[in-house]
Chemist: 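Pasting a structure below so you can have a look.
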Amino acid sequence: MLLLVAVVAARLLGDTVLDTGAVEEAVAEQFERREGVAVELTCDDEMQVEQGAAYECTGTTAADEAVTLRIVIADEATAAYTWEEV
């Protein structure tokens with residue numbers, strides 16, 4: 001199940017990028033609600049907001065399981081993205 005989330009985008013060097021900390025926090029909260037286990041995530045430092053762009057976040061759950069999540073930009077205009085476990 002993919003969840004769509006809009007995150008406030010920041011301007012950096014003229015390019016629109018997702019706020020990495022906000023993405024990590026929002027996706028970790030959604031993951032915990034969906035999977036029932038907390039996760040600590042680390043995402044790419046610079047996730048450009050470009051339609052269809054994909055980025056990976058890696059982490060470890062509270063149950064000590066490694067996870068990899070894919071973030072995909074779904075709407076460039078609003079900086080909305082989806083995520084899924086890979």
Side-chain angles (χ1 to χ4, degrees):
M1 173 176 169
L2 297 177
L3 296 176
L4 185 61
V5 178
V7 172
V8 177
R11 283 278 185 195
L12 179 65
L13 301 175
D15 293 326
T16 302
V17 296
L18 292 177
D19 179 328
T20 302
V23 171
E24 291 167 349
E25 184 178 319
V27 173
E29 288 174 8
Q30 294 168 20
F31 183 91
E32 184 173 4
R33 281 195 305 267
R34 186 173 93 181
E35 301 296 327
V37 63
V39 65
E40 184 72 31
L41 291 175
T42 302
C43 298
D44 292 336
D45 286 336
E46 193 169 299
M47 295 183 281
Q48 298 287 328
V49 179
E50 297 174 354
Q51 192 74 29
Y55 305 98
E56 288 193 352
C57 298
T58 57
T60 306
T61 69
D64 204 31
E65 294 179 45
V67 296
T68 300
L69 305 177
R70 180 178 296 123
I71 308 295
V72 178
I73 305 300
D75 185 343
E76 190 172 336
T78 63
Y81 60 87
T82 61
W83 67 268
E84 65 182 344
E85 191 169 359
V86 292

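For this chain, numbers begin at 1 and follow the sequence in order. Model, not experiment: these values are computed from the prediction.
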Chemist: When you measure from the side chain of Asp44 to the backbone N and O of Glu46, does any donor-acceptor pair fall under 3.5 Å?
Modeler: no

Chemist: Could you tell me the separation between the CD atom of Glu29 and the CZ atom of Arg34, rounded to the nearest 0.5 Å?
Modeler: 14.5 Å

Chemist: State the OG1-CD1 distance between Thr82 and Ile71, to the nearest 0.5 angstrom.
Modeler: 7.5 Å

Chemist: If a pair satisfies side chain to side chain donor-acceptor pair (under 3.5 Å) and one of its residues is in residues 58-72, list it, with sequence neighbours excluded.
Modeler: Arg70-Glu84

Chemist: May I ask you to test the Trp83-Val23 pair for a side-chain heavy-atom distance under 4.5 Å?
Modeler: no

Chemist: With a 4.5 Å cut-off on side-chain heavy atoms, are Met47 and Val17 touching?
Modeler: no

Chemist: Going by the disulfide (SG to SG under 2.5 Å) test, which pairs reach into residues 53-86, not counting sequence neighbours?
Modeler: Cys43-Cys57

Chemist: Using a 4.5 Å cut-off on heavy atoms from C-beta on, say whether the side chain of Phe31 contacts that of Leu41.
Modeler: no

Chemist: Between Thr42 (side chain only) and Gly59 (backbone N and O only), is there a donor and an acceptor less than 3.5 Å apart?
Modeler: no

Chemist: Flag yes if Val72 and Leu18 sit in one hydrophobic cluster, no otherwise; membership is Ile, Leu, Val, Met, Phe, Trp, Tyr, and two members link when side-chain heavy atoms are under 4.5 Å apart.
Modeler: no

Chemist: As a test of understanding, state which of Leu69, Val67, Val27 forms a side chain to side chain contact (heavy atoms under 4.5 Å, CB included) with Val39.
Modeler: Val67

Chemist: Side chain of Tyr81, backbone of Ala53: donor and acceptor closer than 3.5 Å?
Modeler: no

Chemist: With Glu76, which residues qualify under side chain to side chain contact (heavy atoms under 4.5 Å, CB included), at least two apart?
Modeler: Val49, Gln51

Chemist: Can you name the residues that form a side chain to side chain contact (heavy atoms under 4.5 Å, CB included) with Glu40, not counting sequence neighbours?
Modeler: none

